[in-house]
Amino acid sequence: MAILKRLALAFFLSCFSCSVPSLASSDEFLQCLTKKIPSELVYKQSSSDFTDVLVSSIRFPNFFTNTTVRPLCIVTPTEAGHVQAAVLCGRRHGVRLRVRSGGHDYEGLSYRSVRPEVFGVVDLAKLRSISVNEYESTAWVDSGATIGELYYTIAKNNSELAFPAGECPTLGVGGHFSGGGIGMLMRKYGLSIDNIVDAKLVNAKGELLDRTGMGEDHFWAIRGGGGESFGIVLSWKIQLVHVPPTVTVFSISKTLDQGAVDIVTRWQVVGPSLPDDLTMRVKVQGQEAMFLAVYLGTCSSLVATMGREFPELNMTSSDCRPMTYLESTALSFTTLAHIGTPEEMNGSGLIMLEPHGGFIGSVPNATTPYPHRDGVLYVIQYLVFWPGANGATAQTWLHDFYDFMGHHVTANPREAYVNFRDLDIGQNAVVDDVSTFESGKVWGERYFMGNFRRLAKVKAQVDPTDYFRNEQTTPPLLHRRK
Ligand SMILES: Cc1cc2nc3c(=O)[nH]c(=O)nc-3n(C[C@H](O)[C@H](O)[C@H](O)COP(=O)(O)OP(=O)(O)OC[C@H]3O[C@@H](n4cnc5c(N)ncnc54)[C@H](O)[C@@H]3O)c2cc1C
Ligand SMILES: *[C@@H]1O[C@H](CO)[C@@H](O)[C@H](O)[C@H]1NC(C)=O
Ligand SMILES: *[C@@H]1O[C@H](CO)[C@@H](O)[C@H](O)[C@H]1NC(C)=O
Ligand SMILES: *[C@@H]1O[C@H](CO)[C@@H](O)[C@H](O)[C@H]1NC(C)=O
Ligand SMILES: *[C@@H]1O[C@H](CO)[C@@H](O)[C@H](O)[C@H]1NC(C)=O
Ligand SMILES: *[C@@H]1O[C@H](CO)[C@@H](O)[C@H](O)[C@H]1NC(C)=O
């Protein structure tokens with residue numbers, strides 16, 4: 001016990017002496033910002049609009065309470081130069097920056113700090129342009145755009161083009177792409193990161209770099225390694241993919257009485273081995289399993305495929321819903337949104353099973369930082385919602401269920417997906433003002449497996465002093481001082 005207390009005290013002191021800048025440097029930081037960035041783009045805590053801007057993309061009210069550690073200021077850049085200026089001011093005056101695109105981080109790390117810390121937020125909401133190059137089948141998209149805006153803009157240009165990414169239209173491109181991007185086109189075309197060909201970022205020196213300028217290791221790291229460790233990504237050049245003018249969607253529910261257990265059991269093998277054109281995920285909640293599929297083809301061919309591969313579901317042509325691919329992106333969101341009201345939930349939640357296999361499994365596990373490739377059957381997302389007071393019951397359900405599932409999933413490590421951020425699996429310890437590699441390994445090898453070490457080496461090259469840091473950023477793998 002005594003040793004523990006001493007360690008805790010030492011940690012507290014080192015935090016205070018090294019990473020929290022004095023009030024004076026906070027003031028100087030703000031002065032520096034207002035010299036270089038138009039003042040209407042900088043919201044200080046004293047600004048009347050500060051709270052409105054802060055909450056504008058907070059998706060989890062739990063992360064905005066009276067005790068939440070708030071940023072010193074929020075910068076809303078309208079051009080790359082403003083982002084560069086914010087980084088230079090932050091470096092000069094010892095104030096860290098967190099970057100926010102769509103604000104969906106499951107731990108709110110883009111706008112709150114779990115530890116007492118002085119930091120600024122760079123909110124990219126005003127950098128959201130999208131330009132499609134139909135002839136090249138590529139597009140440049142800014143990090144502040146949502147994936148729904150991206151889907152819409154691509155489809156309006158050419159309804160047979162699309163981009164593989166997630167299922168919730170309000171996700172921000174910046175956080176979503178830098179962490180992976182799984183969705184309904186993934187078995188055919190992979191994750192978002194498998195289809196990114198260039199990017200522009202501001203590095204820890206405040207330089208604006210494209211793929212050539214940053215080099216291949218740095219470009220590798222931002223495609224799935226969690227962008228916040230490696231700079232501020234402003235925009236991405238993406239390779240668009242082909243979809244037919246009409247796709248076929250179905251959603252079929254089965255209750256326990258209708259054999260849900262056996263059908264889900266069978267799905268575990270079938271889902272990841274279906275033809276690439278067919279992605280079928282499952283929502284399991286209470287007494288019911290819902291199978292939701294998007295098929296890049298016609299109803300008759302889907303019915304034939306389902307009859308051959310998965311007769312247990314008894315899918316027929318009356319289940320088919322033909323629509324454009326764009327319409328299907330809105331539909332899967334609607335289905336997800338019907339997760340239930342807090343009153344219906346009663347302290348328990350649900351799991352979403354997202355099948356892998358197909359193209360995802362064919363990409364070697366070191367090609368991008370996302371290592372969950374060959375042999376992975378599916379990813380499980382554990383979700384629970386709660387109205388204020390029932391938080392404890394809901395969280396207990398979540399923790400107990402997650403523990404229970406430990407017997408049935410990957411082990412050593414129990415794999416995890418960085419875009420489903422979870423601080424319960426570990427947080428960095430900071431020693432001499434740098435996050436330690438050993439502490440990062442605890443959570444990092446679960447997200448990135450063998451790729452974690454390479455990410456830490458890239459971090460050492462591009463940000464050796466650990467400027468871009470939060471509770472779960474990749475630490476620099478530095479040679480130990482003797
Ligand atoms: C309702 C909901 C549905 C989801 N559905 C899916 C899904 O279908 N598929 C899937 O793969 N994931 C899904 N996710 C997870 C989602 O991909 C991640 O939460 C993602 O990080 C969100 O990105 P954001 O820009 O909205 O979040 P933010 O909170 O803005 O950012 C998330 C993290 O990325 C960093 N970051 C943000 N922008 C940048 C940038 N420009 N440069 C560098 N770092 C940056 C932030 O600092 C933060 O650490 C879902 C999440 C929610 C809440
Ligand atoms: C939070 O602050 C508001 C406004 O100051 C106050 O009304 C409310 O009671 C506080 N809530 C808690 C839980 O302290
Ligand atoms: C589609 O892309 C082409 C080529 O980039 C462009 O000329 C055209 O204006 C775009 N059309 C729409 C509707 O955005
Ligand atoms: C599926 O169809 C078969 C015969 O076609 C039937 O025996 C079975 O009960 C059906 N299963 C469900 C869950 O409806
Ligand atoms: C909700 O939970 C309580 C306590 O666990 C239980 O008694 C009740 O039956 C549950 N209600 C429903 C609708 O599941
Ligand atoms: C990739 O998979 C192989 C075989 O399972 C494993 O030995 C290797 O460590 C993995 N690499 C990464 C980067 O996870």
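Just so you know, residue 1 is the first one in the sequence shown, and it goes up from there. Atoms within a ligand are numbered from 1 in the order they appear, just like the ligands themselves.
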Does any part of the side chain of R454, heavy atoms only, come nearer than 4.5 Å to the side chain of D217, both counted from C-beta? yes

When the side chains of residues 417-424 are checked against the rest of the protein, which donor-acceptor pairs come out under 3.5 Å, sequence neighbours left out?
unit_1 : atom_1 : unit_2 : atom_2 : d
Y417   : OH     : G181   : N      : 2.8
Y417   : OH     : N419   : ND2    : 3.0
N419   : ND2    : H176   : O      : 3.0
R421   : NE     : D105   : OD1    : 3.0
R421   : NH2    : D105   : OD1    : 3.0
R421   : NH2    : E228   : OE2    : 3.1
D422   : OD1    : D424   : N      : 2.9
D424   : OD2    : H399   : NE2    : 3.0

Is D194 salt-bridged to R223, cutoff N-O under 4.0 Å? no

Counting heavy atoms under 4.0 Å, the part of Y417 that contacts ligand 1 is side chain

For ligand 1, which atoms sit closer than 4.0 Å to a heavy atom of F60? 53 (C)

Output the list of atoms in ligand 1 that are nearer than 4.0 Å to some heavy atom of C168, sorted by atom number. 1 (C), 3 (C)

Going by the order shown, which atoms of ligand 1 are within less than 4.0 Å of some heavy atom of G172? 23 (O), 24 (P), 25 (O), 26 (O)

Where on Y111 is there a heavy atom closer than 4.0 Å to ligand 1, on the side chain, on the backbone, on both, or on neither? neither

Does this structure show an ion pair linking E471 with R98, if we count only N-O contacts that are shorter than 4.0 Å? yes

Atoms in ligand 1 flagged as close to G166, the criterion being non-hydrogen separation under 4.0 Å: 7 (C), 8 (O), 9 (N)

Identify, by atom number and element, the atoms of ligand 1 in contact range of S143, meaning under 4.0 Å from any of its heavy atoms. 41 (N)

No-hydrogen, no-angle side-chain donor-acceptor test under 3.5 Å, T465 and R91: yes

Taking salt bridge (charged side-chain N to carboxylate O under 4.0 Å, His left out) as the criterion, tell me which of R112, R96, R469 meets it with E117. R96

Ligand-side contact atoms (ligand 1) for residue partner L124, heavy atom cut-off under 4.0 Å: 41 (N)

Looking only at heavy atoms of S57, does any of them come nearer than 4.0 Å to an atom of ligand 1? no

Are M352 and Q285 packed together at the side-chain level, in the sense that at least one heavy-atom pair is separated by less than 4.5 angstrom? no

Side chain, backbone, both or neither: which applies to F177 and ligand 1 if a contact is any heavy-atom pair less than 4.0 Å apart? neither

Do the ring planes of F452 and F448 sit parallel (below 30°), tilted (30 to 60°) or perpendicular (above 60°)? parallel

Tell me, please, which residues at least two apart from C89 pass disulfide bond (SG atoms under 2.5 Å apart). C32

Establish, yes or no, whether a centroid distance under 6.0 Å links the rings of F177 and F163. yes

Logged contact type for R98 with ligand 1, heavy-atom cut-off 4.0 Å, is neither

Which one holds for L234 and ligand 1: side chain close, backbone close, both close, or neither close, with close meaning a heavy atom under 4.0 Å? neither

So that I can tick it off, tell me whether R100 and D123 are bridged by a salt bridge, with the cut-off set at under 4.0 angstrom between side-chain N and carboxylate O. yes

Given H176, E107, E354, which has its nearest heavy atom closest to atom 17 (O) of ligand 1? H176

Using a strict cut-off of less than 4.0 Å between a Lys/Arg side-chain nitrogen and an Asp/Glu carboxylate oxygen, indicate whether E216 and R211 qualify as a salt bridge. yes

Is it true that G180 lies under 4.0 Å from ligand 1, counting heavy atoms only? no

Is D277 salt-bridged to K188, cutoff N-O under 4.0 Å? yes

In chain-and-number order, ligand 6 lies under 4.0 Å from a heavy atom of each of N365, M449, G450, N451

Can you tell which part of S101 has a heavy atom less than 4.0 Å from ligand 1: side chain, backbone, both or neither? both

Which option wins on minimum heavy-atom distance to atom 40 (C) of ligand 1: V121, V233, I58, D142? V233

For the residue pair R414 and Y402, would you count it as a cation-pi contact if the rule is NZ or CZ under 6.0 angstrom from the ring centre and within 45 degrees of the ring axis? yes

Give a yes/no on ligand 1: does G179 have at least one heavy atom closer than 4.0 angstrom to it? no

Tell me, please, which residues at least two apart from P164 pass side chain to side chain contact (heavy atoms under 4.5 Å, CB included). L185, Y189, N195, V241

Of all the atoms in ligand 1, which lie at a distance below 4.0 Å from a heavy atom belonging to R100? 30 (O)

